[in-house]
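Taking it in order: structure first as structure tokens, then the write-up.
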There are 4 protein chains.
Amino acid sequence: MHDESAETAERRAVGAPPQRIGRPRSTTADDAILAAARALLAEGGWAGLTMGDVATRAGVAKTTLYRRWHSKHDLAIAAVAEMLGTLRLPDRGPDLRADIEDVVRRFAALLGRPEMRTALMGLVADSTSDPALRRRIREEVVDPQKRLVVEGRARAEARGEITAPGDIDVDLIFDVIAGTVVQHVLVSAEPASDNWIQRFTTFVATALLPHPGQPAHPPA
Amino acid sequence: MHDESAETAERRAVGAPPQRIGRPRSTTADDAILAAARALLAEGGWAGLTMGDVATRAGVAKTTLYRRWHSKHDLAIAAVAEMLGTLRLPDRGPDLRADIEDVVRRFAALLGRPEMRTALMGLVADSTSDPALRRRIREEVVDPQKRLVVEGRARAEARGEITAPGDIDVDLIFDVIAGTVVQHVLVSAEPASDNWIQRFTTFVATALLPHPGQPAHPPA
Amino acid sequence: MHDESAETAERRAVGAPPQRIGRPRSTTADDAILAAARALLAEGGWAGLTMGDVATRAGVAKTTLYRRWHSKHDLAIAAVAEMLGTLRLPDRGPDLRADIEDVVRRFAALLGRPEMRTALMGLVADSTSDPALRRRIREEVVDPQKRLVVEGRARAEARGEITAPGDIDVDLIFDVIAGTVVQHVLVSAEPASDNWIQRFTTFVATALLPHPGQPAHPPA
Amino acid sequence: MHDESAETAERRAVGAPPQRIGRPRSTTADDAILAAARALLAEGGWAGLTMGDVATRAGVAKTTLYRRWHSKHDLAIAAVAEMLGTLRLPDRGPDLRADIEDVVRRFAALLGRPEMRTALMGLVADSTSDPALRRRIREEVVDPQKRLVVEGRARAEARGEITAPGDIDVDLIFDVIAGTVVQHVLVSAEPASDNWIQRFTTFVATALLPHPGQPAHPPA
DNA sequence: GGGTAAGCGAGACGGTACGTCATGTCTTAAC
DNA sequence: GTTAAGACATGACGTACCGTCTCGCTTACCC
């Protein structure tokens, strides 16, 4: 999401010092900017995220902002990606159902944060008529989260709940979970209550393991 | 969604002439405005929908536009609701699976239209920080579509596929179907291929009827 | 200097009412804007004349400013022309020398006003690399003042001080008077004292009437 | 006009080596910078003279530029002074009229160069609201040129054209010549044709020597 | 059929954000 | 201590859109 992230990664990969000529960029500015962006998103929604206000609140000049992120979209992607990167699948899941429930609960909690939901929906909205933006969102925001489904599948296989990994269609499961939670929390605008989480988890688990108590793939 | 729709409906309901004093509103303006709005949404996305351009393209003054809809949001809601109102569940479904498949296919097709997806996502995005807007969207755009799920449930019951209507959680099913299709088409940005529709339909049908070939509720 | 001055003049010439469709422009805004521009020029010089500050000080939106004047240059030309338009040649001149002295004194006084000198020099400076601007300045600001020289020549002829109007080269006299006063007041930066005015007037009068006490054109 | 020119001159005067501790300043940078400044002035006018572009075109860092000249104004003064320093009064003048004509022609030619006129007018414009800048311009740019008038007066006296040097008011003559040429060339925007130069020269010569063929100061 | 009230087109209006550019200062590592 | 490179705070630029307003004109009904 950064201007020169690719270049930076390359230099690090070959072990070269990340030093460039000229005055180095302020190391504190990035964090201050992202924090300001999140605060403004939480306070004023997508329309409240203005580059001028972000700069002012971060104690930074607009030029400094634009030097790092070329647009409001770039900035929002960075903020969203950072927040989504904190999603984890905890180890304590005894079975697949618990893992599903846990990821639903955590994702719903994340969408409960106003800065998260306004940024995410603002980006998705703008991406509907901007294929390049849509690709970037998918690559930098959405796809990385599929790791949660992949990991959940691996655990289920290790536990013997499923025998063939092909039984779990990662992309479909991801779209069902992410889409349904977004729809419920943001569109239907109802809180993700414990009861709802249980009902949805049952729905997903039933679809994945239709015959509880029987082997997923009967020997006959 | 209209300025005085409630009043108009009431007057019509009691048989009173809808006539008011003064020059009556142009009868052709509404359609021209909505058509212009849809065209602009299709061409320029949510940002391309500007009130000035809508007025110009509809051959109407901005005054006329604002007299009918109070804001860009109102106008977009009207345009979206009109499009969504065309969704139907055809009679020819032999079983629940076919009905599910059909509604998924039709909804995905609707989201394939750029004016639909940009308006819908633009509204949802703005609604994340505007509770009043969110309520209006839910009441005028989202909830009316739940009729499709209600009708599908009634058919399944009539066919004997389900015995207790309580087995079908209308709100949850609706969120799963709508949310997943939106996520797949708009976020994951992949076409709603026949193959994908089959896979998703199987997923939903499995969750609803986990034991095909057996009674949903075994007599014992 | 105005957006549609030509059009306005034309309409007035044919006696048509100056009414146009749409909301008419605020009649007070023009004066408020020009007053604000002059105040800012006086306080902050040419660099202090910013469109944003003019709008704020005039209690007007920037759009209103740009609707009337397309640029800072247009605005400055309007302000300068208005001030220069007040220059007059009083009737009380008994002879050519008195008329010269008077116009020098008045022009020097005008250049003593900071809003006048900053606007004038700012325009001239920018016009050195902008032929279109230079032409506009000449036509709307400079050339109209040559009327003073023309009128002075007519008076001198009426008094018999000169016999052939060709003796007075209007353009040259104008450049000498205007240029010398500007150079003295703005570049040499010395006040236009009475003593200096007398010396300069003598210089010009001597050049124009080299043989005082003798007929300008000796009979022989 | 240079940062440390006085210091440098002093050191050279006493024969001390101009060496100071640390890396010595590049000896070629000054010329490269001034050349770049003149080129940018000629191409883009006063607004085209940006410190960043000067540095880039001179192949020099902005640091280097600001170490030598404190501001854009300083740099422009240096460029202008260097160009004006080339003005000379040739020896071949047979009489005062020829000397006047010659200086007018040379000054007009100098103002015909775009880098000269844009820089000069830019500086004068900014100086109208900056007394310190005005003083520097007068001292470093304007006043040194008065030597031409002084020299012309000395020659006229040597030739016997005038008897009392007091007859020639140096400051006034200078303002008349410089001001009129600037007004004609830059404001009235007409070329300094031979014909115009002749007319202006006659004007000035008449004012200075009103009775050709007679002694300027009759013995009686 | 004249009065009255609202609709209508046109466009001015105040406000706000945009993304770019220039100034003059500062901070690095290299020379 | 100079140099190249470039980051930095500040602030103006001219454009675009929003939603409101103010005109003169038009179109209906209602007395």
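Here is how names work: the chains are called A, B, and so on, in the same order as the sequence lines, proteins then strands, and each is numbered from 1. Values below: every heavy atom of this structure, side chains too, minus hydrogens, waters and symmetry copies. Because the structure is predicted, anything quoted here is derived from the model rather than measured.
- Atoms CH2 (Trp69(C)) and C1' (dC13(F)) sit 19 Å apart, rounded to a whole Å.
- Counting to the nearest Å, the P atom of dG14(F) and the CG atom of Asp74(C) are 11 Å from each other.
- Counting atom types as modelled, Arg23(A) pairs a side-chain N or O with a base atom of dC26(E) as donor and acceptor under 3.5 Å.
- If you measure from atom CG of Asp53(B) to atom C1' of dT15(F), you get 14 Å, rounded to the nearest angstrom.
- Residue Thr27(B) is the one, among Thr27(B) and Ala47(A), whose nearest nucleotide of DNA chain E lies closer to the 5' end (criterion: closest heavy atom).
- Between Thr50(D) and Asp53(D), the side chains place a donor N or O and an acceptor N or O closer than 3.5 Å (distance only, hydrogens not considered).
- Of the listed nucleotides (dC18(F), dG19(F), dT10(F)), dC18(F) has the atom at the smallest distance from the side chain of Thr50(B).
- Leu49(C) is not listed as a side-chain neighbour of Thr118(C), based on a closest heavy-atom distance of 4.5 Å or more.
- For the pair Leu75(D) and Met51(D), the minimum side-chain heavy-atom distance is below 4.5 Å.
- Annotation: of the two residues near DNA chain F, Lys72(B) and Lys72(C), the 5′-most nearest-nucleotide partner is Lys72(C).
- Of all nucleotides listed (dC18(E), dC18(F), dT23(E)), dC18(F) comes nearest to the side chain of Met51(B).
- Salt-bridge annotation for Arg136(D) and Asp74(D): present, with a side-chain N of the basic residue lying under 4.0 Å from a carboxylate O of the acidic one.
- Protein atom NE2 of His70(C) is 17 Å distant from nucleotide atom P of dC13(F), rounded to whole Å.
- Taking atom CG of Leu40(B) as the reference point, atom C1' of dC17(F) lies 13 Å away to the nearest angstrom.
- When the nucleotides dG19(E), dC8(F), dC8(E) are ranked by their closest atom to the side chain of Thr64(B), dC8(E) comes out on top.
- Taking a pair as Watson-Crick or G-U wobble with both distances under 3.5 Å, DNA chain F forms stems of 3 or more consecutive pairs at E:1-31 with F:1-31.
- Across all strands, Leu49(D) comes closer than 4.0 Å only to sugar-phosphate atoms, never to a base (heavy-atom distances).
- In this structure, the side chains of Asp30(B) and Trp69(B) come closer than 4.5 Å at one or more pairs of heavy atoms.
- Checked against dT3(F), dG19(F), dC8(F), the side chain of Arg68(D) finds its nearest nucleotide in dT3(F).
- Protein atom CG of Leu65(A) is 14 Å distant from nucleotide atom P of dT10(F), rounded to whole Å.
- His73(A) has its NE2 atom 11 Å from the P atom of dC18(E), to the nearest Å.
- In summary, Glu43(D) and Arg57(D) engage in a salt bridge, as defined by a charged side-chain N under 4.0 Å from a carboxylate O.
- Residue side chain Thr63(D) reaches the base of dA5(F) through a donor-acceptor N/O pair under 3.5 Å, judged by distance alone.
- Listed candidates were dT20(E), dA7(F), dA12(E). Nearest to the side chain of Arg67(C) is dA12(E).
- To the nearest angstrom, C1' of dT20(F) lies 9 Å from OH of Tyr66(B).
- Donor-acceptor pairing under 3.5 Å, judged by distance alone, is present between the side chain of Lys62(B) and the base of dG19(F).
- Here the CH2-CE distance, from Trp46(D) to Met121(D), works out to 11.0 Å after rounding to the nearest 0.5 Å.
- Closest to the Ser26(C) side chain, of the nucleotides dC13(E), dA12(F), dT23(E), is dC13(E).
- Contact check for Thr64(B) versus Val60(B): side-chain heavy atoms found under the 4.5 Å cut-off.
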